[in-house]
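Notes follow once the structure below has been shown.
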Amino acid sequence: QVQPVESGGGLVQAGGSLRLSCAASGRTFSSYAMGWFRQAPGKGREFVAAISWSGGSTYYTDSVKGRFTISRDNAKNTVYLQMNSLKPDDTAVYYCAAATYTATTELEYDYWGQGTQVTVSS
């Protein structure tokens, strides 16, 4: 089992950057694929990015390609989401999640963090 805990959210102006971190407890972190999802006010939760257990494969939703980068450090049990060129539409609660294999749908993820708020002002 792993328990993800997100950090790094905040308020940023459009065009700015933020780096989210997700620290996951548990000795088996390196065996899990990790993903980032987000939920904007009044909307459902959507996939943002995912990374395989080794870090060798990454996936992104089209709206963040070229702006966001997912990475992981298995020695630190941490996954990151570097967000550049932020837009007001990126405003949401961002969730980190763990899955037994790399996936882009939330049903495939078994363990979820509590989320961290990202607000992008125009």
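The chain is numbered in sequence order, starting from 1.
One distance of note links CD of Gln39 with CD of Gln117; it measures 10.5 Å at 0.5 Å rounding. To the nearest 0.5 Å, the span separating CG on Leu81 from CE on Met34 amounts to 11.5 Å. Residue Arg19 holds its CZ atom at 7.0 Å from CD of Gln82, rounded to the nearest 0.5 Å.
Cation-pi geometry between Arg72 and Tyr32 is not satisfied (NZ or CZ under 6.0 Å from the ring centre, within 45° of the ring normal).
Between the side chain of Asn77 and the backbone N or O of Ala24, at least one donor-acceptor pair lies under 3.5 Å. Between the side chain of Tyr109 and the backbone N or O of Ala103, at least one donor-acceptor pair lies under 3.5 Å.
Using a 4.0 Å cut-off between charged nitrogen and carboxylate oxygen, Lys87 and Asp90 do not count as a salt-bridge pair.
When the ring pair (Phe, Tyr, Trp, His ring centres under 6.0 Å) test is applied to Phe68, no partner is found at least two apart in sequence or on another chain.
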Query - Worked verdict on Thr102 versus Trp53 for side chain to side chain contact (heavy atoms under 4.5 Å, CB included) - result: CA-CA 8 Å; Thr102 313; Trp53 67 270; over 6 Å; no
Derivation of the side chain to side chain contact (heavy atoms under 4.5 Å, CB included) call for Tyr94 and Glu6: CA-CA 8 Å; Tyr94 283 71; Glu6 305 92 339; over 6 Å; no
Determine, step by step, whether Met83 and Val48 satisfy the side chain to side chain contact (heavy atoms under 4.5 Å, CB included) criterion, reporting the C-alpha distance in whole Å, the side-chain angles of both residues, the deciding distance to 0.1 Å, and the verdict. CA-CA 11 Å; Met83 305 186 295; Val48 176; over 6 Å; no
- request: Would you please test Glu108 and Tyr101 for side-chain hydrogen bond (donor to acceptor under 3.5 Å, both in side chains) and show each step?
  value: CA-CA 8 Å; Glu108 307 297 339; Tyr101 54 90; 2.2 Å; yes
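Tyr80 and Asp73 make their closest contact through CE1-CB, 4.2 Å (heavy atoms, listed as atom of the first residue, atom of the second, distance). What you find for Pro88 and Ser122 is that their closest heavy atoms are CG-CB, 3.9 Å. Across every non-hydrogen atom of Ser17 and Ser85, the tightest pair is OG-N, 4.3 Å. The two residues Thr91 and Pro41 make their nearest non-hydrogen contact at O-CD, 4.3 Å. Contact detail for Val2 and Ala98: the closest heavy-atom pair is CG2-CB, 3.4 Å. Of all heavy-atom pairs spanning Gly115 and Val93, the tightest one is CA-CG1, 3.8 Å.
Atom CD of Gln3 has more than 12 heavy atoms from other residues, nucleotides or ligands within 6.0 Å. Atom CD of Gln114 has 12 or fewer heavy atoms from other residues, nucleotides or ligands within 6.0 Å.
There is no path of hydrophobic side-chain contacts, each under 4.5 Å, that joins Phe37 to Leu86. Linking Ile, Leu, Val, Met, Phe, Trp and Tyr residues whenever their side-chain heavy atoms come within less than 4.5 Å leaves Leu20 and Trp112 in two separate clusters. Both Leu18 and Ile70 are part of a single hydrophobic cluster, where members link through side-chain heavy atoms under 4.5 Å apart. Hydrophobic cluster membership is shared by Val118 and Val64, with clusters built from Ile, Leu, Val, Met, Phe, Trp and Tyr side chains linked at under 4.5 angstrom.
The shortest distance between side-chain heavy atoms of Arg67 and Tyr60 does not fall below 4.5 Å.
Annotation: Phe47 is not in aromatic contact with Tyr59 [ring centroid separation under 6.0 Å not met].
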